[in-house]
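These numbers were taken from a predicted model, which means no experiment stands behind them. Just so you know, residue 1 is the first one in the sequence shown, and it goes up from there.
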Amino acid sequence: MTGYGRATARTERYEITAEVHSVNHRYLETSVRLPRSFSYLEGKIKEQVQQAVSRGKVEVALTMQSIGSKDTTVEINHDVVMAYLRAVAAENELLRESGLPKNQIVLGTAGSESGGATDALPLSTLLRIPDAFQVQQVAEDADVI
C-alpha cells in the first residue's frame, strides 16, 4: 500500500504537477495541498481519491504554474494616487505659508528652472506608493480548472 507518484501535465493555461504519496493505514485519510487560489478544488480532489482508494493515508500535492498572464490586468488606483498628491500639495502650501525654504517636499524628483516643483510624477515614485496599483486576475471557471 506504500507508494509515490509524480506527474506533470500542461494545458494551454497551466503547467500542473501532481504528487501522490500513500502509506498503509487502517482507514482512508486524505490530505490535499493546493495553491491558496485553488483551495476550492480540495473537495473534488478528495472525492476522486475516495473513488480510487479504499484505505490508507494518502497525501496529494498540486502545484500549478500559470503559462502566460493573459488574464491578469494591472490598473492604477487613481483615488489613492490623487490622495497622495493632494497631501503633498497641502504640505507644500503649508511650507510656503510658514516661510520655510521652498521645495522641502516636491511632486516631482527635480525642480523646474525657476526653482519650483515640477508637476511630473516619475514612475519610480508612483511604484513606491502603497496600493497605487490594483492587480486583478480574471475569475476562472471552477469546472474548467
Side-chain angles (χ1 to χ4, degrees), residues 1-96 98 100-112 116-145:
M1 180 72 197
T2 299
Y4 173 81
R6 178 184 170 126
T8 300
R10 202 173 164 104
T11 68
E12 68 180 52
R13 295 178 64 181
Y14 294 101
E15 181 175 281
I16 304 165
T17 302
E19 294 184 61
V20 180
H21 180 260
S22 68
V23 293
N24 196 17
H25 195 58
R26 187 173 181 181
Y27 304 104
L28 178 60
E29 184 180 329
T30 307
S31 64
V32 179
R33 287 186 314 196
L34 295 166
R36 185 181 307 263
S37 59
F38 294 101
S39 61
Y40 61 90
L41 296 173
E42 185 174 345
K44 289 187 179 217
I45 292 171
K46 282 186 176 183
E47 281 179 28
Q48 289 183 342
V49 170
Q50 289 173 352
Q51 290 173 3
V53 179
S54 58
R55 65 188 198 95
K57 183 174 181 178
V58 181
E59 297 174 1
V60 179
L62 287 180
T63 57
M64 303 175 86
Q65 294 249 324
S66 180
I67 300 172
S69 58
K70 298 174 190 170
D71 296 333
T72 302
T73 60
V74 177
E75 296 178 359
I76 293 177
N77 187 337
H78 295 285
D79 294 335
V80 170
V81 173
M82 291 308 297
Y84 274 93
L85 291 175
R86 282 191 296 273
V88 169
E91 189 64 25
N92 280 335
E93 185 60 32
L94 284 173
L95 288 170
R96 271 189 230 102
S98 69
L100 293 174
K102 292 183 179 181
N103 294 331
Q104 295 295 312
I105 298 177
V106 295
L107 296 179
T109 56
S112 65
T118 63
D119 290 336
L121 183 63
L123 181 60
S124 61
T125 302
L126 186 62
L127 290 171
R128 285 187 233 133
I129 296 175
D131 300 321
F133 292 93
Q134 295 174 335
V135 179
Q136 297 176 348
Q137 293 187 342
V138 176
E140 301 179 41
D141 185 6
D143 293 332
V144 171
I145 298 296

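Heavy atoms only, all atoms of each residue included: Ala132 and Val81 are closest at CB-CG2, 3.9 Å. Closest non-hydrogen pair, Lys46 versus Val32, comes out as CG-CG2, 3.8 Å. Between Val80 and Pro130, the closest heavy-atom pair is CG1-O, 3.6 Å. Closest approach of Pro35 to Met64, counting heavy atoms only: CG-N, 4.1 Å.
Within 6.0 Å of atom CD in Gln65, 12 or fewer heavy atoms from other residues, nucleotides or ligands are found, so the atom counts as exposed in its surroundings. No more than 12 heavy atoms of other residues, nucleotides or ligands sit less than 6.0 Å from atom OH of Tyr27. Counting non-hydrogen atoms of other residues, nucleotides and ligands closer than 6.0 Å to CG of Asn77 gives a total above 12.
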**Report entry** Steps toward side-chain contact (heavy atoms from CB on, under 4.5 Å) verdict (Ile76, Phe133)
**Finding:** CA-CA 5 Å; Ile76 293 177; Phe133 292 93; 3.6 Å; yes
Query - Test log, rule side-chain contact (heavy atoms from CB on, under 4.5 Å), inputs Leu41 and Leu62 - result: CA-CA 10 Å; Leu41 296 173; Leu62 287 180; 5.7 Å; no
Requested in this report: Show your reasoning for whether side-chain contact (heavy atoms from CB on, under 4.5 Å) applies to Met82 and Leu85.
Outcome: CA-CA 5 Å; Met82 291 308 297; Leu85 291 175; 4.0 Å; yes
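Remark: side-chain polar atoms of Arg55 are paired, donor with acceptor, to backbone N or O of His25 under 3.5 angstrom.
Atoms CD and CD, on Glu59 and Glu19 in that order, are 10.5 Å from each other to the nearest 0.5 Å. For the atom pair CD of Glu29 and OG of Ser22, the computed distance is 12.5 Å after rounding to the nearest 0.5 Å. One distance of note links OG1 of Thr63 with CD of Glu15; it measures 8.0 Å at 0.5 Å rounding.
Proximity of Val53 to Thr30: side-chain heavy atoms (C-beta onward) are nowhere separated by under 4.5 Å.
Below 30°, between 30° and 60°, or above 60°: for Tyr40 and Phe38 the angle between ring planes is between 30° and 60°, a tilted geometry.
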